[in-house]
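Since this is a predicted model, take the numbers as computed values, not measurements. Each chain gets a letter, A, B and so on, in the order the sequences are listed, and its residues count up from 1.
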Amino acid sequence: MNYWLLKSEPDSFSFSDLVNAPDKRTIWDGVRNYQARNILRDDIAQGDLAFFYHSACKEPAIAGICRVTRTGLADPTAFDNSSPYFDPRSEQKNPRWITIEVEAVAALKPVITLKSMRQDSALQDMTLLSRARLSVQPVSAAEWQHILSQTVQTPV
DNA sequence: GCCAACGTTGGC
DNA sequence: GCCAACGTTGGC
């Protein structure tokens with residue numbers, strides 16, 4: 001099993017929004033970066049766990065944990081010409097944008113801020129610190145466990 | 001709101 | 001295939 005970090009702008013879709021979604025699940029749609037797409041398509045497996053990270057907001061931080069419930073899904077927003085993520089180059093028979101479904105597992109109290117991760121010598125190799133713009137990224141088992149040792153998980 | 005970093009596009 | 005122009009992300 002592998003660990004991941006998924007970024008979302010909380011003003012658009014927060015961890016609380018995921019908790020309040022039907023079945024606490026959502027399709028992770030809207031990713032339009034090829035490296036992130038490749039990770040979603042090729043590397044993430046059903047049952048993997050991911051941090052839910054809040055980006056582009058007042059306090060960038062890991063807010064919760066989610067589990068991957070489905071993989072290999074064509075991103076439906078690519079086919080929806082009313083969506084900001086519409087991409088006419090994505091064909092139904094050969095979808096360009098592949099994504100996953102995730103389910104909320106636990107909230108972190110306190111949240112783990114970007115600031116605290118920057119200051120933590122155990123986390124200096126985190127992809128988050130060197131590849132700030134990559135919206136889907138790997139987390140090592142050591143990083144995962146270290147971060148969880150700094151906080152308490154509250155099941156949702 | 002600024003702006004550095006960086007991914008994508010498109011002319012050549 | 002190169003690379004300049006352009007657009008977006010995201011921390012601050």
Side-chain angles (χ1 to χ4, degrees), chain A residues 2-21 25-44 48-68 71-102 104-140 142-151:
Chain A
N2 292 306
Y3 301 104
W4 310 96
L5 182 146
L6 304 174
K7 296 201 293 189
S8 184
E9 299 186 17
D11 291 345
S12 302
F13 191 81
S14 68
F15 186 70
S16 296
D17 293 330
L18 179 61
V19 170
N20 292 323
R25 295 186 183 196
T26 193
I27 304 289
W28 204 260
D29 59 23
V31 171
R32 293 294 179 270
N33 168 283
Y34 288 102
Q35 191 174 356
R37 188 281 310 269
N38 292 348
I39 294 171
L40 289 168
R41 184 188 62 189
D42 303 335
D43 299 335
I44 298 186
D48 282 355
L49 295 173
F51 287 137
F52 191 116
Y53 177 81
H54 285 165
S55 68
C57 58
K58 194 165 187 176
E59 185 183 59
I62 296 169
I65 297 173
C66 49
R67 179 189 298 112
V68 177
T71 60
L73 307 173
D75 184 334
T77 62
F79 306 127
D80 175 2
N81 64 12
S82 69
S83 167
Y85 301 117
F86 176 62
D87 184 350
R89 301 169 300 180
S90 186
E91 301 166 30
Q92 292 275 358
K93 287 186 176 176
N94 183 24
R96 179 175 294 233
W97 303 109
I98 302 296
T99 191
I100 62 175
E101 179 192 70
V102 298
V105 172
L108 301 188
K109 298 189 179 174
V111 301
I112 301 294
T113 63
L114 176 62
K115 186 180 177 191
S116 71
M117 289 186 273
R118 283 199 191 288
Q119 292 169 347
D120 190 332
S121 60
L123 299 177
Q124 292 311 296
D125 292 336
M126 277 193 84
T127 304
L128 185 65
L129 303 187
S130 56
R131 300 288 319 282
R133 294 180 54 188
L134 185 60
S135 64
V136 177
Q137 50 181 261
V139 174
S140 75
E143 290 160 352
W144 180 271
Q145 285 152 20
H146 182 82
I147 287 167
L148 290 183
S149 76
Q150 313 296 306
T151 184

message = Can you confirm whether Leu49(A) sits close enough to Trp144(A) that some side-chain heavy atom of one is under 4.5 Å from a side-chain heavy atom of the other?
response = yes
Test log, rule side-chain contact (heavy atoms from CB on, under 4.5 Å), inputs Phe13(A) and Leu18(A): CA-CA 7 Å; Phe13(A) 191 81; Leu18(A) 179 61; 3.8 Å; yes
query = Is Arg89(A) touching bases, backbone alone, or none of the nucleic acid, heavy atoms closer than 4.0 Å?
reply = sugar-phosphate
For Glu101(A), the side chain to side chain donor-acceptor pair (under 3.5 Å) test, sequence neighbours excluded, returns Arg25(A), Thr69(A)
Next on the checklist: Just so I know, are the side chains of Leu40(A) and Trp4(A) near enough to count as touching, which here means a heavy-atom distance under 4.5 Å?
Outcome noted: no
query: Is Tyr3(A) atom OH crowded by more than 12 heavy atoms from other residues, nucleotides or ligands, each under 6.0 Å away?
result: yes
With B for base contact, S for sugar-phosphate-only contact and - for none (protein heavy atoms under 4.0 Å), nucleotides 7-12 of chain C reads BBBSSS
